[in-house]
Amino acid sequence: MASVTFKNVNKIYPGGVKAVIDFNLEIADKEFVVLVGPSGCGKSTTLRMVAGLEEITSGELYIGDRLVNDVPPKDRDIAMVFQNYALYPHMTVYENMAFGLKLRKVPKAEIDRKVREAAKILGIEELLNRKPKALSGGQRQRVALGRAIVREPKVFLMDEPLSNLDAKLRVQMRTELSKLHKRLETTFIYVTHDQTEAMTMGDRIVVMKDGVIQQVDTPRRIYDHPANLFVAGFIGSPQMNFLKGYLSSEGDKLYINLAQTKLPIPDGVKNKIDPSYIGKEVIMGIRPEDIHDEPAFVDYFPEYCFDANVDVVELMGSETYLYLNFYNNTLTARVDPRSNARPGDKIRIGFDMNKLHLFDPVTTKRIIE
Amino acid sequence: MQKTIIEILSEIKKQLKTPFAILDKKERYVLIGELKEKQSRCTVNLCGSKYVLAADLAPEQLSDFSLLLKELINRKFSEKLIAFLEGKGNAIEDLPNPCGLILVKSSDSFKLENFLESLFEEMLFVKADDAFIFIIPVGDLDELKETSFALYQSLSEEISSRILICIGGLAKEPTELPVAYMNAVKALQFASPFKVGVLNYTEMALEKLLASLPQESRHEFNIEIGRRIRGLDKEALKTIRTVLDCNLNLAEAARKLYIHRNTLMYRLDKISSQTGLDIRKFKDAVKMEIFLTLNELR
C-alpha cells in the first residue's frame, strides 16, 4: 500500500505533442482515484507513466516516498489491469494467475496460497483448471484482475478494465471492483471515459481535458460544484443546461436576465456570487433535475417560472426527459414520469434557483462559491 | 528440434577439449561423451528446451562450462535459424509443428531467458538485428494473436516500457516459416518508430497496398488531401480519427469523444465545409483513412 504523488509532471511526445501538462496530484494510501475525461485527454498516458510504460518528460513521480521516474515497471510494485485483458491461451487460469509470481521466483507453496486466495475473492475457484478459451468475458476479466491481485502490489492501475464487457456485466463488475477495493485496502488508480463509473466508484475524481487537470474532488462536490464549464458539461447525464445571460441588481435584489425572462436569485445564492459580475454577461447552468414542471413547484415559486415549448418527450421508465424550446435554446428537464407534458405543448416550468451554477463566459470558470 | 541441437553439439564437441554428455529431460543420452563414473550434472536450457549436461568437472566449473556451452549453441543455432528464415541456409525441419512466428522489438535492451522459461515450455527465440524472433508452438492464428497480446502485456509490465510485437503468421510446416518471418519483418518496417502494441501483418492489407505504390503517387495523394485538411485543428483531426476507428458509428464516436451526438454532427459539418470531405460518406471516409494510414507508415 502506498501513496502516489505527481509533482509538475509533463509528458511531451517526440514531435511536440503535449499529452499531459503540469500534472500535480497527491493520491493518498488506500484511496480509489478515478481519472476521467474524453478520448485523448491524457488520462491513460498519466496511468502509463505511473506504471512506467511511458517516460516522464519532466517533473517527479513518487510511489510512497520513493522517486520512481527512472525505476523500471517491474520494480515499481504496481499491477496493471489493461482494457484488453489478454491471457495466455496455452495456460490454465491457475497458470495465468501464477505466472508473475513464478517469474519472481516465489516459492511454489506461496504461489498456490496466493492464487487460491485471489480466486476465492473473485469467485473463480472452480475455473482454475480451465483454459481461457472456455471462459466468458466477465470470467476472463476476473482472471486478469486475479493476476494483478496475487502480486499484492502497492498500487493497482486499471485502464478502462470494464469497457470490453456488455452493459449488464459492466454494472455488476463495477460493484465488485468497489467491494474489492474495500477488501484489499490498496491504492487504486482507475481510468475511464465513463462518468457513471467515475461517479460510482471513486473516492475522488480527477477530471482531465487536453492533458490538463480541470478539477479534483469527491464525486458529490464535482457534481454540485463543477469548477468550470467543461466539468459542468462533462459530469452528469443528461448534461447540464447552459444559457447565456447577464446579472442585474435592483435595490438589494439580484437577477439573472435570460432572453426575455428575468429570474430573481435567492439571497442565499446571491451572497456566494462575486459582486464584480453584476451588470456583466455570465453563463448560467442548471441541471435537468433542477427544472420543474410539477404544479406544486410552479404554484410555490411563481417568480422562478416561465413558459417553454415541449419539443420531445422521452419516457425512460423511472423518469421522463423533456426537451424544451426556450427562446431558441434547448433545455433538457428530468421530470416525474407522471408529467402530462406532450410534444407541442406550451408548459409552465421553473428553475430551482438555489441549485444555480454561474460561469464566466471568457475564462469558463465558476463564479459562484 | 533435438536433431538440429545434436548436430550443433557434435560440431562443438570436436572443438572443445572438455569431455561432456547431454541427456534429455528423462535422463536418456542424446549425446554420448567419454566420462568418468563420478561426473557432475546440471540442467541447461538449449534453444528453449531443457537438457541435462554431464561433465568431468567440479560443480563450480560445470556451471561456467554450461554457460559457455549454452552461449555457443545458442549462437550457432541463431545463425542457422536466421539463415533458414532469410532463405539463405538449409531448412531446419525439426521445429515445433505447427507454430507461429512473431518479432519482438523493444526500445530498451533486455534479457529474456528467465522470463520465457517461466512462460513457455517449448519455444524458440533468437536475436536478429534489432528485434527478437519468437517461434511459438500454437494451434491456430487466433491462439498466436492472443499469445502475442498477452506477451505484449507481460513484457510491458515486467521487462520494458516500449514493446512492439509484429505477428508474421502461422506455419503449418517449418518450410512455411521463412514466409512468416518476411511478413513480420515487413510489418516491422511499416511501423512508425514510436509504435507500440501488436501488429498483425495478415491484417495490414491497406498498409501493404499503400507501401507498394510508387513514391510519386503517394506524394501526389498526400499533397491533394493534405492541402484540404491543412487548416484543421487538433480537435478536428482527433474527431476524424475517432469516427474512422468507430467504423463511422457516430453514436459510438460521440461516446468516445464524450460529446453530444449533435456536437459531433456539427464538427463533421464544419470539417466537411472546410475540406470538402464528409467522412460520413463512405468514399470520403476511405480517402481520409488512406491519407491517415499513409502518414502513419514509416
Side-chain angles (χ1 to χ4, degrees), chain A residues 13-15 17-18 36-41 48-49 51-55 72-76 78-82 84-91 95-96 98-105 131-133 140 144 147-148 151 157 163 193-195 209-210 230 233-235 237-239 330 332, chain B residues 100 107-108 110 114-123 136-140 142-163 165 192-194 196-198 234-235 237-239 241-243 245-246 252-260 262-264:
Chain A
Y13 285 108
V17 177
K18 291 178 179 174
V36 67
S39 294
C41 71
R48 290 172 65 83
M49 284 195 284
L53 303 180
E54 294 282 358
E55 276 176 28
K74 65 183 172 63
D75 299 329
R76 292 193 179 198
I78 47 102
M80 182 126 170
V81 181
F82 292 85
N84 301 310
Y85 30 89
L87 303 172
Y88 289 103
H90 68 288
M91 291 180 177
E95 288 162 343
N96 263 291
F99 160 66
L101 299 177
K102 203 170 147 190
L103 192 66
R104 284 171 173 75
K105 311 277 180 212
K131 291 271 178 80
K133 257 188 188 175
R140 288 166 68 91
R147 207 163 54 179
R151 288 170 58 178
L157 307 174
S163 56
H193 68 274
D194 183 331
Q195 51 143 321
K209 185 195 170 210
D210 298 335
F230 174 78
F234 188 77
I235 299 289
S237 178
Q239 77 164 56
T330 299
T332 308
Chain B
S107 54
D108 314 320
F110 55 82
N114 292 342
F115 178 81
L116 293 173
E117 276 172 22
S118 318
L119 199 54
F120 301 100
E121 268 191 18
E122 236 188 83
M123 83 156 321
I136 310 167
V138 286
D140 55 42
D142 283 343
E143 200 180 324
L144 180 62
K145 277 197 235 174
E146 182 146 13
T147 303
S148 301
F149 277 108
L151 192 59
Y152 166 72
Q153 290 180 5
S154 305
L155 286 169
S156 300
E157 277 183 316
E158 308 287 351
I159 303 275
S160 166
S161 55
R162 303 198 71 80
I163 296 283
I165 295 185
S192 75
F194 306 112
V196 292
V198 179
K234 208 173 120 191
E235 186 182 73
L237 290 172
K238 197 168 82 186
T239 304
R241 185 73 267 177
T242 310
V243 171
D245 287 347
C246 293
E252 194 187 331
R255 234 183 350 263
K256 281 206 168 168
L257 289 163
Y258 229 96
I259 54 176
H260 193 274
N262 292 347
T263 312
L264 177 60

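Chain naming here is simple, since letters A, B, ... match the order of the sequence lines and numbering starts at 1 in each.
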Identify which part of B/D245 has an atom lying under 4.5 Å from any heavy atom of chain A, answering side chain, backbone, both or neither.
neither
If I compare all heavy atoms of B/E146 with all of A/L87, which pair ends up nearest, and what's the gap?
CG-O, 3.1 Å
Quick check on A/R76 against chain B: is it the side chain, the backbone, both or neither that has a heavy atom closer than 4.5 Å?
neither
Working to the nearest 0.5 angstrom, can you tell me the gap between A/R147 CZ and B/Q153 CD?
6.0 Å
Does NZ in B/K238 sit with more than 12 non-hydrogen atoms of other residues, nucleotides or ligands closer than 6.0 Å?
yes
Look at atom CZ of B/F149 and say whether more than 12 heavy atoms of other residues, nucleotides or ligands are closer to it than 6.0 Å.
no
Intermediate values then yes/no, salt bridge (Lys or Arg N to Asp or Glu O under 4.0 Å), A/K131 and B/E143
CA-CA 12 Å; A/K131 291 271 178 80; B/E143 200 180 324; over 6 Å; no
Given heavy-atom pairs under 4.5 angstrom as the criterion, report whether the side chain, backbone, both or neither of A/E95 touches chain B.
neither
Among B/T242, B/L151, B/V138, B/D142, single out the residue with the greatest number of heavy-atom pairs under 4.5 Å to chain A.
B/L151
Provide the closest heavy-atom pair for A/Y88 versus B/A150 in the form atom of the first, atom of the second, distance.
OH-O, 3.2 Å
Region of B/I136 in contact with chain A, defined by heavy-atom distances below 4.5 Å:
neither
